[in-house]
Each structure stands twice: as structure tokens, then as C-alpha cells.
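Below: one structure, written as C-alpha cells.
Residues take their numbers from the sequence shown, with the count starting at 1.
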Amino acid sequence: MLQIINESSTRIKTGVVLFIAMLVIGYIDSYFIFWLVFGIMLLISISEAKKLFNLKSDSIYVYTTLLWIAAYFYPKPEDLIFIVAIAYASQLAYKKTLNIHMFLPLLYPTASFLFLLSLYSEYGSMTLLWLLVIVASTDIGAYFVGKSIGKTKFCETSPNKTIEGVVGGVVFAVILGTLFSTNGISFVNALIISAIVSIVSIFGDLFESYLKREADVKDSGTILPGHGGILDRTDGYLFGAIVMLVLLRVVI
């Protein structure tokens, strides 16, 4: 175990810094600061997505910035994704010059960041902390269990993932996720939500791996030492936030 930790020291240090930063932002608990931080992360993610989707046009930054500004004032930010989709489709139909692949960053990662903003707007910073604990626990548990006892390959998309690691990650996430669930959530609902979000986050990570393999790149970016890019670090959250928001709207 000590050897594994030594081999992953840079990754762990970066993870700790990110975790502390999110705790500080959560403690301040300002909608504007969350909106600003998520917006910066989104724009960096868009630059990474352009590489993954092989997009050359920079107009995506304009659309994304305008969308994010509108999201600050609109009570349900995730609704705006449909307005932008209509605008894209209308321009494509009228001019026939818009690259159809421009739709891809709209779905990933833009839609997911809108759901993250909605999750905070509706349920507060403690729910974001809950999401953070679930996804981080899944990642950490899967990594260390997989490194320690993993033998059975999980799937072809990510050869380093093992079934043992995945199971260990989900179990770890369910335990910690249930402990960190927000007030007003029953034990059973907290357990179910933690389990589902954990599993979904694994497939978020898997989807990111698929995109990188298709683009023939190791990481989506280099901004985070030991982790790669923003998308490399947030892939699980981008899937998990959508599912968590839907589940919370069902049980609350």
C-alpha cells in the first residue's frame, strides 16, 4: 500500500489541494463564486473538448460564455441547454455551414456544468460536498482496491480498471456517501442515491476514457499535475451531478 501511495504522490497532492479549495469555496457559500469557478472550469473544459472532438472553430467559446451568463440569472440553468440547441440547429439549417460536431461540447461538458449549477442552486453547497464525497470515494476506493487486489478486467475501454476495483470503489462510496448525505434525506434514500451516483460516476470516467482513446490522447489536458485536464478530473462529477439532481427532485 505504501508503494502505491509513493507512486501516486503527485496525484494525491493535487487531489488534496483541489479538495481543500472546494471546501473553502463551499464554506464561503456564494452563488456568484460557484458560478464563476464553474464557469472558468467550463471554458477550460471546452478547450479540452475541442481537442477530443477535433473542432477548429472558436465560436463555441462565444456561445458558451453567453449561455453561462444567462445561467446566472435563470432559475433553472439546465433548461437553457435546449435554447442553445435550438439556436445551433437553426443556424445549421439556415446556413448549412455550422459543423454538426459543435453539438457535442453542448452535451459534454456544457450540459453537465449547468446541472452542477442547478444542483447548488436548488440544494446548496452541502449537496455539492455530498457529490464530492461520493465521486472522490469511488475514485480513491477503485484505485487502491484495484491496485491492491484487482485482477479481473472491467472492460475494453479502460484496461486498467478491474471489477474488484469498481466494486471496492462503490462500496467505499456508499459507506461515506451515506454518512455525508444532506439533512432531510432518509438513510435508505441516502444509501440508494450514493450507490447510483457512484456507479454513474464510474461510467462518466469510462466515457472520458473512450473519448481520449478515440482522439488518441493520454489526457484531455495538462493543467492538473498527476490528473491531466479538467475533464480528466471532473468526468465522474459531470455524469453524477445530472443523476443526483434528478434523484433528489424525486425524493425531496
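Nearest heavy-atom pair across Ser47 and Ile44 is OG-O, 2.5 Å. The two residues Leu55 and Pro105 come nearest to each other via the heavy atoms CD1-CG, 3.5 Å. Nearest heavy atom pair, residue Thr162 against residue Gly150, reads OG1-CA, 3.5 Å.
Leu206 places none of its side-chain heavy atoms less than 4.5 Å from the side chain of Asp235. Inter-residue side-chain proximity for Glu164 and Lys151 is flagged as met; some heavy-atom pair is nearer than 4.5 Å. Under the 4.5 Å side-chain criterion, counting only non-hydrogen atoms from C-beta, Leu119 is in contact with Leu248. Side-chain contact between Tyr123 and Leu245: present, with at least one pair of heavy atoms (C-beta onward) separated by less than 4.5 Å. Using a 4.5 Å cut-off on side-chain heavy atoms (C-beta onward), Lys50 and Asp58 make contact. Side-chain atoms of Met126 and Ser181, non-hydrogen and from C-beta on, never get closer than 4.5 Å to each other.
Not a single donor-acceptor pair under 3.5 Å links the side chain of Thr110 to the backbone N or O of Leu107. Panel note: side chain Glu48, backbone Ile230; a donor-acceptor pair is recorded below 3.5 Å. Using modelled atom types, one side-chain atom of Thr65 and one backbone atom of Tyr61 make a donor-acceptor pair closer than 3.5 Å.
No side-chain N or O of Tyr210 forms a donor-acceptor pair with one of Glu156 less than 3.5 Å apart. Between the side chains of Ser198 and Thr138, a donor-acceptor pair is found at a separation under 3.5 Å.
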Query raised in the report: Passes side-chain contact (heavy atoms from CB on, under 4.5 Å), Thr127 versus Tyr120? Steps please.
Result: CA-CA 7 Å; Thr127 302; Tyr120 170 71; over 6 Å; no

Query raised in the report: Do Leu42 and Phe38 pass the side-chain contact (heavy atoms from CB on, under 4.5 Å) test, and can you show the C-alpha distance, the side-chain angles, and the key distance before you say yes or no?
Result: CA-CA 6 Å; Leu42 172 58; Phe38 285 159; over 6 Å; no

Report task. Could you walk me through whether Ser112 and Tyr237 pass the side-chain contact (heavy atoms from CB on, under 4.5 Å) test, one step at a time? Result -> CA-CA 8 Å; Ser112 296; Tyr237 300 94; over 6 Å; no

Query raised in the report: Could you walk me through whether Phe207 and Tyr108 pass the ring pair (Phe, Tyr, Trp, His ring centres under 6.0 Å) check?
Result: CA-CA 10 Å; Phe207 179 67; Tyr108 182 85; 5.1 Å; yes

Query - Val243/Ile193 under side-chain contact (heavy atoms from CB on, under 4.5 Å): CA gap, chis, key distance, verdict - result: CA-CA 9 Å; Val243 173; Ile193 291 174; over 6 Å; no

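Aromatic pair Phe203/Phe239: ring centres not closer than 6.0 Å. Taking the centre of each ring, Tyr88 and Tyr63 come in below the 6.0 Å mark. In this structure, Tyr72 has its ring center closer than 6.0 angstrom to the ring center of Tyr31. You'll find the ring centres of Phe172 and Phe144 outside the 6.0 Å limit.
In this structure, the separation between CG on Leu36 and CD1 on Ile25 is 9.0 Å, given to the nearest 0.5 Å. With rounding to the nearest 0.5 angstrom, the CG atom of Asp232 is 3.5 Å from the OG atom of Ser220. For the atom pair CG of Leu116 and OG of Ser118, the computed distance is 9.0 Å after rounding to the nearest 0.5 Å. In this structure, OG1 in Thr64 is found 4.0 Å from CD1 in Ile46, a value given to the nearest 0.5 Å. Put simply, CG on Leu231 and CG on Asp205 are 11.5 Å apart, with the number rounded to the nearest 0.5 Å. Atom CG of Leu179 and atom OG of Ser137 lie 9.5 Å apart (nearest 0.5 Å).
Take Asp216 and apply the side chain to side chain donor-acceptor pair (under 3.5 Å) test, not counting sequence neighbours, and it matches no residue.
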List the atom pairs, donor and acceptor, that lie under 3.5 Å between side-chain atoms in residues 128-135 and the rest of the protein, sequence neighbours left out.
{"from": "Trp130", "atom 1": "NE1", "to": "Gly177", "atom 2": "O", "distance (Å)": "2.7"}
{"from": "Trp130", "atom 1": "NE1", "to": "Ser194", "atom 2": "OG", "distance (Å)": "3.4"}

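Ring pair Trp68/Phe113 is perpendicular by interplanar angle, where above 60° counts as perpendicular and below 30° as parallel.
Annotation for Phe180: atom CZ does not count as buried by contact number, only 12 or fewer foreign heavy atoms lying within 6.0 Å.
Under 4.0 Å is where a charged nitrogen must lie from a carboxylate oxygen, and between Glu78 and Arg249 at least one such pair does. Here Asp139 pairs with Arg233 in a salt bridge; the nearest charged N to carboxylate O distance falls below 4.0 Å.
Taking hydrophobic clusters as Ile, Leu, Val, Met, Phe, Trp and Tyr residues chained together by side-chain heavy-atom distances below 4.5 Å, Ile83 does not share a cluster with Val62.
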